[in-house]
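What follows is one structure encoded as structure tokens, with my remarks underneath.
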Amino acid sequence: MPDLAAPLIAWFRSNARDLPWRAPGFSAWGTLVSEFMLQQTPVNRVIPHLAAWLERWPTPTALAGDAPAAAVAQWANLGYPRRALWLHRAAVEIRDRHEGIVPRRVEDLLALTGIGDYTARAVAVFAYGDRHPVVDTNTRRVLARALEGRSQPGAPSKGDLATMAALLPEDQAEAAIVNAAAMELGAVVCTARAPRCEACPIAHACAWRAASYPDTGDGRRRQARYEGSDRQARGAILRALRHAPTHELPEEAVASDLADRAQRDRAIDSLVADGLIEASGGTLRLPR
DNA sequence: GATACGTGGCT
DNA sequence: TAGCCAAGTAT
């Protein structure tokens, strides 16, 4: 296997974006919050929301002491609002089980609500400097191309972690950089749509390039249509509640513009089931 | 393992 | 413009 670590490290040292969570002294809590926000939301949309969030809640305990409603409202238009609820739950768990300190062990991080294989290792590596493989969608695409000669990765699997682990240098600090560099490369050079191979530090060792860029992107499912969907209806209801003075509104006033009554009721029921809203006496509100 | 889950920018 | 895409997780 070619040594990808050395060129990745060199490239990252001179090309890494100046992102807030890479600033020296950025807290583990800040890293955790940033990773929650970055779960499926683009970097540029996260940055201003992250700053506002940390100003309001500088510690897990501060967030845990506030109502879930405050978290869901502050989440604004970042998307997938259940992440706000999960982040609040994680803060409560950190306060109650870890004395208010973001845990360092992957096992403990995985036990927190809303944290999976990616986020647990991202916090352990980027906040605490420990040596673990960190694999996100960018890294999976980079590895699929460089090592397998495929244009897109296959389904996520535990094997991804083993593959990345095999590329990491022994040195802890360098291993962390390789993890970050693989993600960064996928985000800005080895992109899904129009990769900039002329700027790639590992192009010389890339199996996809050597194979003349075959299109192996078969079998990819299309994202469901959003316009007119139940998800859009949920979003409209939540947006109305976020903007309401006390985060509550009469059920009849919520999303009255939703033409499909059955769809509105479905959306309300599913939001209640998810814990994102509460319903009682004809009133809808964000969770207290 | 497939599916549900927001929102907005880009092509 | 309709579709693609974005630092995933839980069920």
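Since the structure is predicted, the reported quantities are computational estimates derived from the model, not experimental observations. A, B, ... follow the sequence lines: proteins, then strands. Residue 1 opens every chain. Heavy atoms only: backbone and side chains are in, while hydrogens, waters and symmetry mates are out.
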Taking C-beta and beyond as the side chain, do Val33(A) and Leu87(A) meet within less than 4.5 Å on heavy atoms?
yes
What integer number of Å spans the C1' atoms of dA6(C) and dG1(B)?
22 Å
On a whole-Å scale, what distance lies between the P atoms belonging to dA7(C) and dA2(B)?
22 Å
Note: for Ala224(A) and Arg45(A) on DNA chain B, the residue whose nearest nucleotide lies more 5' is Ala224(A)
Base, sugar-phosphate, or nothing for Gly116(A), non-hydrogen atoms under 4.0 angstrom?
sugar-phosphate
Give the rounded distance in Å between these two atoms: CZ of Phe12(A) and C1' of dA7(C).
12 Å
Donor-acceptor pair present, Arg193(A) side chain and dC5(C) base, under 3.5 Å
no
Please go through Met183(A)'s hydrophobic cluster and name the other residues, only I, L, V, M, F, W, Y counting, with side-chain heavy atoms under 4.5 Å joining them.
Tyr118(A), Val125(A), Phe126(A), Val134(A)
Say you pick atom P in dC5(B) and the same atom in dA2(C); how far apart are they, in whole Å?
23 Å
Could you check Arg22(A) against Asp18(A) for salt bridge (charged side-chain N to carboxylate O under 4.0 Å, His left out), going step by step and ending with a plain yes or no?
CA-CA 7 Å; Arg22(A) 291 176 180 164; Asp18(A) 185 19; over 6 Å; no
Determine all donor-acceptor pairs shorter than 3.5 Å in which one atom belongs to a side chain in residues 49-57 of chain A; sequence neighbours excluded.
{"residue": "His49(A)", "atom": "NE2", "partner": "Asn77(A)", "partner atom": "OD1", "Å": "3.3"}
{"residue": "Arg56(A)", "atom": "NH1", "partner": "Gln74(A)", "partner atom": "OE1", "Å": "2.8"}
{"residue": "Trp57(A)", "atom": "NE1", "partner": "Asp66(A)", "partner atom": "OD2", "Å": "3.1"}

So what does Thr119(A) hit on the nucleic acid, given a heavy-atom distance under 4.0 Å: a base, only sugar-phosphate, or nothing?
sugar-phosphate
Proximity to DNA chain C (any heavy atom under 4.0 Å), residues of residues 83-97 of chain A only:
Trp86(A)
What is the nucleic acid contact for Arg121(A), judged by heavy atoms within less than 4.0 Å: base, sugar-phosphate only, or nothing?
nothing
Mind checking whether Trp86(A) and Leu112(A) have side chains closer than 4.5 Å, heavy atoms only?
no
Within residues 127-140 of chain A, find the residues that approach DNA chain C with a heavy atom at under 4.0 Å, and present them sorted by residue number.
Asp136(A), Thr137(A), Asn138(A)
Out of dA7(C), dG3(C), dA6(C), minimum distance to the side chain of Arg222(A) belongs to dG3(C)
From the 5' end of DNA chain B to its 3' end, which nucleotides mark the outer limits of contact with chain A, defined by a 4.0 Å heavy-atom distance cut-off (strictly under)?
dT3(B) to dT11(B)
Tell me the interatomic distance from Ile115(A), atom CD1, to dT11(C), atom C1', rounded to whole angstroms.
18 Å
Please say yes or no: joined through hydrophobic side-chain contacts below 4.5 Å, possibly via intermediate residues, are Trp75(A) and Leu286(A) part of one cluster?
no
Rounding to a whole Å, what distance do you find between Leu161(A):CG and dG8(C):P?
14 Å
Could you give the CG-to-C1' distance, from Leu50(A) to dA6(C), as a whole number of Å?
17 Å
Under 4.0 Å from any atom of DNA chain B, heavy atoms only: list the residues of residues 28-44 of chain A that qualify, in numerical order.
Gln40(A), Thr41(A)
Separation of dT11(C) P from Tyr80(A) OH (nearest whole Å)
16 Å
Would you measure the distance from the P atom in dG6(B) across to the matching atom in dT11(C) and give it in whole Å?
14 Å
Using the rule that Ile, Leu, Val, Met, Phe, Trp and Tyr join whenever any side-chain heavy atoms are under 4.5 Å apart, tell me whether Val106(A) and Ile94(A) fall into a single cluster.
no
Rounded off to whole Å, could you give me the CZ-to-P distance for the Arg141(A) and dC4(C) pair?
16 Å
